[in-house]
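Below, read A as the first sequence line, B as the second, and so on, with proteins coming before strands; counting in each chain starts at 1. Computed from a predicted model, the values in this text were never measured in an experiment.
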Amino acid sequence: MNENNFIIDNQSLSPEALAKKHAIETDPSCRTNHMEYMEGMDRIESDIKDKVMKTVNAYDYTTYSKADVTNVISRLKSGESCSVEDFKTLLSPSAAPFLEDMARLAQRETRNHFGSSVYIFTPLYIANYCENYCVYCGFNCYNKINRKKLTFEEIEAEMAVIANSGIEEILMLTGESRAMSDVKYIGEACKLASKYFRNVGLEIYPVNVNEYEYLHSCGADYVTVFQETYNPDTYETLHLMGHKRVWPYRFEAQERALMGGMRGVGFSALLGLDDFRKDALATALHVYYLQRKYPHGEMSISCPRLRPIINNDKINPRDVHEKELCQVLCAYRIFLPFANITVSSREQASFRDGIINICATKVSAGVSTGIGDHKAKYEKNNSEQAVNVVNNATNDAGDEQFEISDSRSLDEIYAAIKNQGLQPVLNEYIFV
Amino acid sequence: MQKYDAANDPFILGGHTFKSRFILGSGKYDVNLINAAVEDAGAEIITLALRRANTKDEENILDFIPKGVTLLPNTSGARTAEEAVRIAKLARALGCGDFVKVEIMRDSKYLLPDNQETIRATEMLAKEGFVVMPYMYPDLYSARDLVNAGAACIMPLASPIGSNKGLATKEFIQILVDEIDLPIIVDAGIGRPSQACEAMEMGAAAIMANTAIATAGNIPAMAYAFKNAIIAGRQAYLSGLGRVLARGASASDPLTGFLHD
C-alpha cells in the first residue's frame, strides 16, 4: 500500500478493529471485488461504461505533437465543432503552451451557450456518517471526527438561515451511510428544502432508480455523484470498504438518476487521484455519451483536485496545478459547450474569479462543509461586521469534510461576478 | 419618397395591435439590456423566461420591464406539453397576462424545439384562452398543425438559438410565409440587422432577437440598427421587390425590335 499516502491510524479503535483496518489496507484478498454489484444494487442495461473506458484505455496523450494542437485550434477558431479526437489533443501536454488560445475559444463557447450568466448555489451538509473506507476522505468511517446527523428541526433552521442570506439553489449532501441517513430521511429533507429554495440538488450515496424517483417526487431535481477516479485499479486501492467500493454501480448513478426523472446530473473525477488527463477524458466522455442517450438531461461537471504539496521537492508530473486545471476546464468547455462547469470553494478566490470569465458557469457562495454550523457561522459573521463566513465556529457541529479556500459570502461572490461584467443568477429554474 | 408609417401598417397579434415589429428576448444577458432595447429599438413586446422571473428581490427581472410593454412569458424549461402548460398557467397567475411563447426543448445541447410536443401544448393552451406563440423548427406540416391547434402566430427558428448564424433555414421559412395565413415571426439565430432585414423582405411579420443585441459592442446602438433594418425590410416587402435573375442579364434593347408587321 505504498501508493497510499493518505492512511492514518485512529488511536481510539479497538485492537480488533485496528487489525481489520490494517488487513484491509495491506492485503487485497481481504477486500471485496470492486467490480461486482452488491446485493440490492440495480443493474441497468447500459453500454456507456464500455464506450468510455475503451477510449480512455487507448488514450496515449504523449503521442500528440504541437502541430496536432495548432491544427485543432485553428479549425476550432474557424468555427468547427470539437470532436472526441480534438478533445484528446487539447488535454495533452502538448496543448499546455496554447492555454491562452484555449481560454479564448472556451470563453467564446461559454458566452454563446450561457451568455454572461453565472449561477450561484450553496452546499448544505445534513449528515456526515459514512460506512465507507475511502482513504483520502475526511468523512471515512475510520476517521475520528465529530459525527452528526441533523434533525428535521435543525435542517429547517439551517435552511432558514441560508435562504435568508438570499441563496435560492441548494445542494444537499450527506456522508454515505444508508443506515444513518436513509433515503426517507433525505426525501423529507428535500421536502423541507423545496419550501426554502427554488432548486434542490443532491450529492448523496448512489441509489436505485426507484429511489431517485422517490427523491424527485420530494422536490430534488439534480443529482451529483463524483466517480473520484475512473481507473478501476486505482479506485480499488482507494475505496477499501463499503458500498462505494463498487465501481460500476457508482458509474451508472447518473444514468439511474435520469431514468428516475431527475432533470440534471453532475459528474466529477477528483483530479490528482490518478492520471488526471485520463480521468478528465473519462469524465467528459461520460457526459458526452450520456447526453447522447438522454438528450433532455442537463449535465454539469465539477472539477475538484488534490492539491499538489507546496515545497515538495519530488516534482510529480501528474500534479494538477492551477494551469493544468485551467487546461482541463477549457478543454471541457470547448468539447461540451452545453455543460455547466462548477468550481467549488476548494479553489481560491483569485482562481474562481478568473475562471468564471473563461468557462465556469456555477460557483458556490457562503460555504460551510461542516454539519449544522451555518447559523453559528453566518451569525458570527454579522456580529463581527465581517463579510466572510467564519470557519472556526465552535459548537456541537459535525466536523467538516475538507477545508475550503474561498469563504466569501453570497454578497461578496455576487459583487465579484458583477464586477467582471457578468450576470450573477441565483435561480433560473422551475420545478415541473 | 414615401415615408414608412407604422400606424398604417399595424401588426396585429392575438387581438392586440402593435406598431413595432421587433420582439426582444431577455435571456442569458444582463437585465439592463431591456431598457436599451425598449428605448432604442422601440420594442413593444419582451419575452421573459418564467424560470428567470423569480429571483433576488432587487434584481427581479419583472422590475426591469417598462410600463406599456407587453410581457411575453415563455415556457423555457419545459420538456413536455404538460410542463409547458403548467409553466404558462403559473405565468398567468403571476400576472403576466394571456400571451405565452411556447418553448419546449428536449435537447440540452442544441436547444432545438420539439414540434410534436409544441403542437400538443398549443392546443391545450389555446383552449385555456392563451394567445399562443409557438417557437418551432420550420416544418410546413407542423406549422399547419399549429394553425389548427389554435396558434396566434408561427415562430420558426432561423438557426440554432444564440448562434447569430442568420437565416440558415431561409428556404423553409419562405415556404411558411407563402403557405401559412398566420403571422410568421422569425425567432432565434438572427445575428445581424441585415439578416433581420432580409427576413422582413421575405414577408416575415416580425423578428425576435436577443443574443445579437446582447453580445454587441454597443447595445443601444445595435438595438437602434435592428429597429431600422426591420422597418427597411418591411417597407421593401410592402413595396414589392424587384425581381432577380438567376443568371445572365436583361438587355434593354429587344432582339426582336426589328419586327414591324
Review point. Can you name the residues of residues 78-89 of chain B that have some heavy atom under 4.5 Å away from a heavy atom in chain A?
Key: B/R79, B/E83, B/R86, B/I87
Study note, to complete from the structure: Of A/H216, A/E203, A/E298, the one forming a side-chain hydrogen bond (donor to acceptor under 3.5 Å, both in side chains) with A/Y222 is A/E298
Check your understanding: For B/Q195, what residues pass the side-chain hydrogen bond (donor to acceptor under 3.5 Å, both in side chains) criterion, not counting sequence neighbours?
Key -> none
Check your understanding: Can you name the closest pair of heavy atoms from A/R111 and A/N357 and give their distance?
Key -> NH2-O, 3.4 Å
Check your understanding: Is a salt bridge present between B/D107 and B/K109, judged by a nitrogen-to-oxygen distance below 4.0 Å?
Key -> no
Exercise for review: With sequence neighbours excluded, tell me which residues meet side-chain hydrogen bond (donor to acceptor under 3.5 Å, both in side chains) with A/S81.
Suggested key: none
Point to revise | Which residues share a salt bridge (Lys or Arg N to Asp or Glu O under 4.0 Å) with B/K227, sequence neighbours left out | key: none
